[in-house]
Each structure stands twice: as structure tokens, then as C-alpha cells.
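Order of the sequence lines sets the chain letters (A, B, ...), proteins ahead of strands, with each chain counted from 1.
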Protein chains: 2
Amino acid sequence: MTSIQDQHIKLAHGNGGRFMRELIDNLFAHHLHNPLLDTNTDAAILPLNQDIMVTTDGFTVKPLEFPGGNIGSLAVHGTVNDLCVSGAIPKYLTLNAFIEEGLEISKLDRIIASLATAAKEANVVVVAGDTKILERGEGGGLYLATTGIGIREKKLGMEQISASDVILVSGPIGDHGTAVMLAREQFGMRGDLQSDSANVLPLAQALWQIPGLKFMRDPTRGGLASVLHEICHVTGLTAKLFETQVPINDPVRSVCEMLGYDPYYLACEGRIVAIVAAEQADMALTTLQKFPAGQKAAKIGVLSTGKPHLILETELGGERFLEQLEDEPLPRIC
Amino acid sequence: MTSIQDQHIKLAHGNGGRFMRELIDNLFAHHLHNPLLDTNTDAAILPLNQDIMVTTDGFTVKPLEFPGGNIGSLAVHGTVNDLCVSGAIPKYLTLNAFIEEGLEISKLDRIIASLATAAKEANVVVVAGDTKILERGEGGGLYLATTGIGIREKKLGMEQISASDVILVSGPIGDHGTAVMLAREQFGMRGDLQSDSANVLPLAQALWQIPGLKFMRDPTRGGLASVLHEICHVTGLTAKLFETQVPINDPVRSVCEMLGYDPYYLACEGRIVAIVAAEQADMALTTLQKFPAGQKAAKIGVLSTGKPHLILETELGGERFLEQLEDEPLPRIC
């Protein structure tokens, strides 16, 4: 727990003076301390000399805390996972916090503690950070941005994808999106559904061993359908999903039916979509299923020549197009 | 100019679907394209194998556009300068944009174009990015976060500072803070004062050649006084500033007198505070004065043993303490 005297963030926590120093030392550095993070310098030195990958992500999830995580753990998982699915072992993070005046410091403390735990579990260290305080009413509580730096271990890319490749997913889809939605009071619903927010490195590293692995992506904003749209768009191939094969947890399915959401568009924060050569798809599936987080992994579709469309083969054998998202169904989900 | 059809940002620009893709391709990638930035990947590869430094900074300046720059150019200068004063040549940036629903797309376009120009001038490339759309009323227009990665060329640090070292500044202080303040309608004032927002790499590189250079910092949020407070805090030394020596442009001085601000606390975004061994202070000064941006550079103070205080010797020969900032005099200045 932080030793800051104030209970709420004030504008003076952003002014470069004593209160800002206290916020950084007693809260951020308290949770994130490591030999590379020096709050007295402007830039951190990274002892790297290999193939370096870098990624960045912003986080605006509302509410800030939700079943299965909070914006802090999410900001680690989201960025770490982007490196993992790109074939890199995550090593370093930078952190930006945009904090709204009036935010409860105890809540900020829980969130940064959770971020620190998630970073520790993912074996990454926060090497640089910055805080800005936003005036009351201009900040939505807290926004975070994390940049991740890692070492490439496996070369993957959409250019490796070809017709007949198989689409796999490492677990049920839509849990994060649904859990966040239910945590919003406006829906007047409560469930025991947890976000799937997690570090996917163990799953990714296991998949890297499979020579037929072509490409991976974590289906966050826009969900499974949006990842497959990007693949269709870039490769020119048709993607077909089999409705009966896509793993969806029962509470997610129920909520989607009740509220009219399509689960294929809902965000996950701890899943991998993998494109694997057909002859090694079963090996990839078995590999995933050895992990607790991969027990419900499944082969869910195939790629083929044709127009760059995403088609869902329904339970009854019919087909429907899954179109690109137009309206925003659910803002501030990640 | 962007080819986006919409005139205002809408929530659908953040949903992972077609509008988000259009915003990224037709606006962000349009301005920032370079061989390393691939909007189809989750992480960029950096061809580096030297001493790598990394820094990160958030930007919330209000108004978004001000005389002498905008939040886009500022987001480049702020982060690039943190690397420069740390002894590194900036190479790569990542960019996070938190965009409020309703922001004029033409304004966003100007800002990102300006960011791209500033990056080009600073010889850095944006290798990864992310956009999030905030609901109307929750975003203050636009917030940016940039992470900078560079190669270390010169080893500097507060631990090198010792008593009798001289404090230099590369130009007049407070221009950025004052220009932003005047650009806010609430003050009902207009001036031709420009922000000093600029890339300090040329000045920094010249100073790196001076063996007696101990430490540099760019006096942004909290201004010159806050940089010196940090030095006093870490080294335990007393810093003394000579009021008559500190370069301050006339309009800044006038505004400060009118509004009761102390210029020592106002942000600069294109200045360097340098700590140099006494015997080489004149060489450092001459070096700075060779640059147009360094013509008003000055030796402004000295460090000495004593209590870790910042003291201003006034024009009349008296002394007053410059205390650490407590209240926030001017939020959202950077």
C-alpha cells in the first residue's frame, strides 16, 4: 500500500514538484522498482543486442476494475501478448499514466500493484514511465499506454499464410468483452464471468516449436472476426469459420443472445488465433491443449482461395458473411 | 491532407473495424509511413545492436495548437529531447493517440502531419502506434504518448556532478509555458510569443564533445527550478541562481509580472540545462552560442556544498529560496 497522504489525485500531482515526486516515488516506483527503472533519469538503458521488436498499446477500459483483472494487468497483458504473437520474448515495458484529478489514490494503488504483479509474472520490467494529471471531467479516471520491447525468437508473418492453412484458437472467445460489459452498471446485470486477460507467452512459446506455424494474433478489439478480416484483406484469401467448432463459454453465449451481440466481434485478452499449415494443425492443437489455458483450444476454420471474405458456416449448414465492424458496439473495452 | 470521409472522430473509429482501419491507413500511416512501420503487425523490429536507451512521455497540452507548435510536434520534441539530454541519439518512436469522439479530423490531420515533420527533422521514425477513441466529454480532445528509443553516445549522470560545477542554460526560459498560457482564451490575452518547442539534438551533440559536461536535463514541466531541485535532492548540493544572468525574453517577463507567475517554474520544450565543470563552462557556453538556438545561452548559477536548497541571488544582491512546486499553477502545459 502506498504511503501517500492524499486520498484523491489532485492537479498538483502533475506539476513537476513535490507532490508529483511523491506520487512517482511512493506509488509508481514502489510497485515497479527494478534495477533499470531510475526515476531520476530521462531515459533507461536497455542491455540488448539481438533482434529487437517493439509494440505499443493504449488502454481505456471502463470500469477500471472488472472481474478477472483491471486496467493495470490489462496494460501488461495487452502489450506483452502483442510481442508474443509476433514471435518475441517480452523483456521491457514503458508506462504512461493519464490520471484524472479526483481518482481515488487507493484505487490507483491497487491498479499499479496489479500491473506490477502482471509484469513480474510475465518476466518484464518497467524501465521508464511518465504520469500526467488531467483536470476533473477530462480523463475518464485513468488511461494507460504501454510500449513493449522484446527479442525475436520466431519469424512469423501474414506473408507466410497460404490457402488450405487451418485457423486455430487457443481458448473460448469473448470472455473479456463480456466480463467488462457486465461490470458496467448500465447493463444492470451481474455474472461470475471472468475476463480471460492473461499473458499468452507460455502458449506462444510452445507453438513456436511447430514448423508449420505461419502467423499468430491476439484477438482483442474487434475480436476474432476482425483478426480474420485483416488476414483476408492482406492475403486475399477467403476465411471460413465453423460455428460449431468455435469455443464460446456458456455465460458469454447467453449474454450475447440476450443483448444481441455477436461473439465473433467481442474482445479477448488472453487468447491466440494461430494460422498453421494443415498437416501440422493437429500437432498445434495437441500442443495448446497441454496447457490449462489451452484446454478448450480448437481448430475453428480454414483459409482458401476466393474473394477476401469471412464466412461463417452455421450449425445448420448455412453460410453467412461476417462483415467488418462499422458502428462501435462497445467502446472502452480495452 | 487525409482522404477520410468523416469530418469528426466517432466512436466507430476505435472499434477494430473498417473505420479504424481507414483512420490508421489514411491519416496516421499516411503521415508516418516508413519502412519499419507496418500497420499489419503487432510489433516492429528494430535493427539495433548497441547501447540502447529508452524513454517515454505523455502529452496533454491545451489548447492542442499553440503559437510555435502543437501537441504533435511537442510529442516528438519532448521525447527526443529526453534522449538527447541523456546522451543518446534518438532513432525510433512509438505513438499512442487517445482521441476524443467529436475531434475535428482536419485538426487531427494537421497535428499528425506536424508530428511527422518534427520526426523527420529529428531523424526518428515512428515504428509502432495505437489509437483509442474516447467517448465525448472523456478525452480533452487528444492525448498523445510517445516512447523513444535511441543509441547512447555519451555517458552522463547526476552522480558525476560535484560542488563548484557551473549551471548553464541554452536559451531563454519559460517561452513554451507562456505561449500555451496566452493561447488559452480564458486569459483574454494575445501575444506574438512563440513556444520554444524544438529538437535539441544539435545543441546536445555539440555539448557531448566537452569532457567536463556532467549532466543535462530539458526543463519542461516545473521549469528550471524543478530540474535544479532534483539535482539538489539527489546530490545533496546547494544550487545558486543569479537572477541577472538567467535569460528571459521580455514578453515572458511581462506576462509573469502581470499574472504573478514565477518564470523559473515555467516549462520550456527546446532548452537544455547543463551542468559543466567550472574550468570548461566557458567552452560550453561558446559552443552553445554558435547555434542560432543557443545565442542567448548563459552561465546562470553554481553548485556548492551545503544544504540541498535552490537559492536565487536577486538583482539587488539579496537571496530568496525557490521552493518546490506545491499547487499546480498551470495544468496541461505539456
At a heavy-atom separation under 4.5 Å, does [X] approach chain B through its side chain, its backbone, both, or neither?
| X | value |
| --- | --- |
| A:Leu144 | backbone |
| A:Phe59 | backbone |
| A:Ile149 | side chain |
| A:Arg152 | side chain |
| A:Ser86 | side chain |
| A:Glu230 | side chain |
| A:Glu101 | neither |

Got a second to check how far [X]'s [atom1] is from [Y]'s [atom2], nearest 0.5 Å?
| X | Y | atom1 | atom2 | answer |
| --- | --- | --- | --- | --- |
| A:Glu326 | B:Met20 | CD | CE | 14.0 Å |
| A:Ile99 | B:Thr60 | CD1 | OG1 | 11.5 Å |
| A:Arg21 | B:Leu325 | CZ | CG | 13.0 Å |

With chain B as the partner, which of [options] has the greatest number of non-hydrogen pairs under 4.5 Å?
| options | value |
| --- | --- |
| A:Thr94, A:Leu156, A:Ile333 | A:Thr94 |
| A:Gly129, A:Gly148, A:Gly223, A:Ala97 | A:Gly129 |
| A:Lys10, A:His13, A:Glu135 | A:Glu135 |
| A:Thr79, A:Leu95, A:Thr147, A:Thr220 | A:Thr147 |

Item to check | Under 4.5 Å from a heavy atom of chain A, the part of B:Glu323 involved | outcome: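 Looking at B:Glu323, nothing touches chain A.
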
Next on the checklist: Report which part of B:Val54 has an atom under 4.5 Å of a heavy atom belonging to chain A: side chain, backbone, both, or neither.
Outcome noted: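 For B:Val54, heavy atoms of backbone and side chain both lie under 4.5 Å from chain A.
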
Checklist entry - Is the B:Phe98 ring parallel, tilted or perpendicular to the A:Tyr143 ring (thresholds 30°, 60°)? => result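 It falls in the parallel class, under 30°.
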
Checklist entry - Taking B:Lys132 for the side chain and A:Gly58 for the main chain, is one N or O donor matched with an acceptor at less than 3.5 Å? => result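 Here the side-chain-to-backbone pair exists.
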
Item to check | Heavy-atom pairs under 4.5 Å with chain A, option from B:Gly87, B:Ala128, B:Gly222 with the top count | outcome: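 Option with the top pair count is B:Ala128.
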
Next on the checklist: Determine whether A:His229 and B:Arg18 satisfy the following criterion, side-chain contact (heavy atoms from CB on, under 4.5 Å), listing intermediate values before the conclusion.
Outcome noted: CA-CA 10 Å; A:His229 282 133; B:Arg18 184 168 73 78; over 6 Å; no

Next on the checklist: Under a plain distance cut-off of 3.5 Å, with no hydrogens placed, do A:Thr56 and B:Asp130 share a side-chain donor-acceptor pair?
Outcome noted: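 No, no side-chain donor-acceptor pair sits under 3.5 Å.
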
Checklist entry - Is the count of non-hydrogen atoms from other residues, nucleotides or ligands lying under 6.0 Å from B:Lys214 atom NZ greater than 12? => result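 Result for NZ/B:Lys214: enclosed.
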
Item to check | Audit row: A:Glu138, B:Glu138, side-chain contact (heavy atoms from CB on, under 4.5 Å) steps and yes/no | outcome: CA-CA 5 Å; A:Glu138 292 189 337; B:Glu138 293 189 336; over 6 Å; no

